[in-house]
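Take a look at the structure set out below.
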There are 2 protein chains.
Amino acid sequence: MVPAPSPSDPHPLIRKLESIAVLTDDERQALLDLPMQVTAIKEDQDIVREGDRPSRSFAILSGFTCTYKITGDGKRQIVAFGIPGDMPDIQSLHLKVLDIGVATLTPCNVGFIQHEDLWDLCMRHPRLGAIFWRETLVESASFREWILNVGRREAYPRMAHVLCELLVRLRAVGLAEDHSCDLPITQVEFADALGITTVHANRVLQQMRADRLIKTKGSRLNIPDWEQLKAAGDFDPTYLHLRPDEVVT
Amino acid sequence: MVPAPSPSDPHPLIRKLESIAVLTDDERQALLDLPMQVTAIKEDQDIVREGDRPSRSFAILSGFTCTYKITGDGKRQIVAFGIPGDMPDIQSLHLKVLDIGVATLTPCNVGFIQHEDLWDLCMRHPRLGAIFWRETLVESASFREWILNVGRREAYPRMAHVLCELLVRLRAVGLAEDHSCDLPITQVEFADALGITTVHANRVLQQMRADRLIKTKGSRLNIPDWEQLKAAGDFDPTYLHLRPDEVVT
DNA sequence: CGTTTGGTTGAAATGTGTCAAACTTTGTGG
DNA sequence: CCACAAAGTTTGACACATTTCAACCAAACG
């Protein structure tokens with residue numbers, strides 16, 4: 001008996017895939033049947049490291065991760081944040097050597113899926129294979145926007161932009177209300193994501209609070225004026241390629 | 001009668017795919033049989049624009065392109081250079097709305113392929129479908145490295161890094177000798193790729209010439225000391241995921 | 001309750017941007 | 001083949017965003 005599809009589907013992976021594509025009951029069931037090794041991982045741990053040759057990928061079931069690279073002299077650049085439903089290293093299905101590391105920002109539950117099982121799924125459900133491909137392409141589009149952000153926007157709009165992206169993505173998987181969400185990301189991590197210093201990240205955030213673009217209380221982020229933040233960050237969610245009804249502009 | 005595979009295969013697309021994967025004669029023939037509308041495009045023209053909803057993708061047969069995005073206030077960021085064999089908008093196969101523009105840097109010959117024909121090919125030759133997927137993942141890896149480059153390296157190593165990437169990629173498709181190649185990229189374009197000003201790009205290049213890392217004569221680039229340039233650019237070609245025998249370190 | 005982690009501050013140093021002009025190469029039409 | 005325009009490159013002086021360094025403060029935590 002297949003459970004009725006629900007907007008608040010408890011399985012993060014399905015919730016995420018449904019935010020970018022439509023699934024049939026059959027496909028949803030096939031995903032639920034995927035052999036998945038669920039593992040709890042503590043905060044600030046590497047799940048995978050650059051140079052690894054994994055035989056499995058993983059889906060984030062709960063918690064936040066960051067995908068990062070390190071320069072020869074040890075400077076870290078975060079290239080993406082991972083939220084529940086994401087599969088940050090799904091690329092290892094095709095590319096044997098990992099060119100990135102993925103670390104937890106919070107305690108996480110992740111579900112490991114053997115590559116052979118993923119291949120199997122893609123073969124038996126070509127449409128799901130296409131959806132996974134599509135997902136990697138959406139990720140790729142996010143990288144392009146990230147390049148634009150880091151390369152051509154100053155620190156202040158750059159920060160505004162990532163905050164916008166995070167809120168929209170969290171909303172798409174049901175982890176944010178209209179104008180607030182839990183964002184357990186430290187200033188060091190924001191700095192590494194934006195390609196700036198921690199000190200500067202701090203100053204930019206202070207300025208944004210003074211400008212009443214954001215309010216923070218602990219790890220809680222509140223956005224009093226979404227339109228203004230969007231404008232400040234030059235943010236247009238098109239590049240996230242969400243299903244139209246998932247985009248709350 | 002299938003022509004014997006040759007290291008200098010005249011078809012750029014096949015040459016490129018073979019630099020990242022092994023093709024069977026059958027697959028090579030299927031690629032050659034792809035209906036392709038070859039078109040000559042002048043310098044400095046958009047091939048596709050952000051917001052387009054193309055029904056076809058294209059392969060670069062000759063010439064150079066750049067893939068770019070524009071901020072709300074008109075600043076351009078180049079996120080990738082395209083060289084013969086590349087398919088800069090293959091993503092539009094899955095993502096209906098383009099989030100990028102692609103422009104020619106030189107006169108180009110491009111081969112347009114209808115999406116339906118590409119889908120057809122992927123269905124009939126699943127391994128080729130996987131190779132196209134793989135290619136988009138390699139591109140994705142390049143974007144990640146590009147973020148690291150722009151976010152965490154100063155202008156000088158940043159420039160060195162793109163020069164290294166370009167040379168390695170050109171070598172992989174047979175368009176560069178060991179230490180020199182034709183690089184018809186202006187300083188304005190380098191600046192837009194690196195997220196710096198033209199003026200600064202100019203100064204960095206001058207410094208690199210003074211340091212004898214590069215020599216330029218017209219659009220000809222010569223690299224007297226590859227090891228030193230690699231070191232200056234903190235360059236490791238792993239992220240390009242080339243077949244080992246294609247990587248000349 | 002001390003220790004750790006994350007956040008905040010100030011002053012000085014610096015990489016990169018800005019602006020505006022001049023120079024050089026390339027391509028083209030007369 | 002010259003002349004000229006257009007495109008690309010180079011220069012200098014100055015402004016400014018961001019970094020650096022080093023210290024201090026506040027909240028979280030066992």
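What you see is a predicted model, and the numbers here were worked out from it, not measured in a lab.
Per the geometry, CD1 belonging to I196(B) stands 16 Å off C1' belonging to dA17(D), to the nearest Å. We find that CD of Q187(A) is positioned 13 Å from C1' of dC25(D), with the value rounded to whole Å. As a whole-Å value, the separation of L205(B) CG from dT11(D) P is 12 Å. As rounded to whole Å, 12 Å separates atom P of dG7(C) from atom CG of D192(A). In this structure, K42(B) atom NZ and dA6(D) atom P are separated by 18 Å, rounded to whole Å. At whole-Å resolution of the value, CD1 in I214(B) and P in dT9(D) are 12 Å apart. In this structure, H200(A) places its NE2 atom 15 Å from P of dT8(C), rounding to the nearest Å. Remark: C1' of dT18(C) and NZ of K75(B) are 12 Å apart, rounded to the nearest angstrom.
Nearest to the side-chain atoms of E154(B) among the listed nucleotides dT11(D), dT9(D), dG15(C) stands dG15(C). Closest to the side chain of R158(B), from the set dT16(C), dG12(D), dT20(D), is dT16(C). Of all nucleotides listed (dG17(C), dT9(D), dT8(C)), dG17(C) comes nearest to the side chain of T197(B). Closest to the V199(B) side chain, of the nucleotides dG10(C), dT18(C), dT9(D), is dT18(C).
Place D44(A) and R153(B) on DNA chain C by their nearest nucleotides, and D44(A) ends up nearer the 5' end.
If you check distances only, the side chain of R203(A) never reaches the base of dG7(C) with a donor-acceptor pair under 3.5 Å.
Annotation for L175(B) and C181(B): closest pair O-CB, 4.0 Å, computed over non-hydrogen atoms. Closest approach of R209(B) to Q187(B), counting heavy atoms only: NH2-NE2, 4.5 Å.
Q206(B) has a side-chain polar atom (N or O) that falls below the 4.0 Å cut-off from OP1 or OP2 of dT11(D). Dashed line: the shortest gap from a side-chain N or O of N202(A) to OP1 or OP2 of dT8(C) is under 4.0 Å. The shortest distance between the side-chain N/O atoms of R209(B) and the OP1/OP2 oxygens of dT10(D) is below 4.0 Å.
Atom CZ of R220(B) is surrounded by more than 12 heavy atoms from other residues, nucleotides or ligands within 6.0 Å.
Between H161(B) and Y239(B), the angle of the ring planes stays under 30°, which puts this pair in the parallel group of the 30/60° scheme.
Salt bridge E154(A)/R158(A): absent, no basic N to carboxylate O contact under 4.0 Å.
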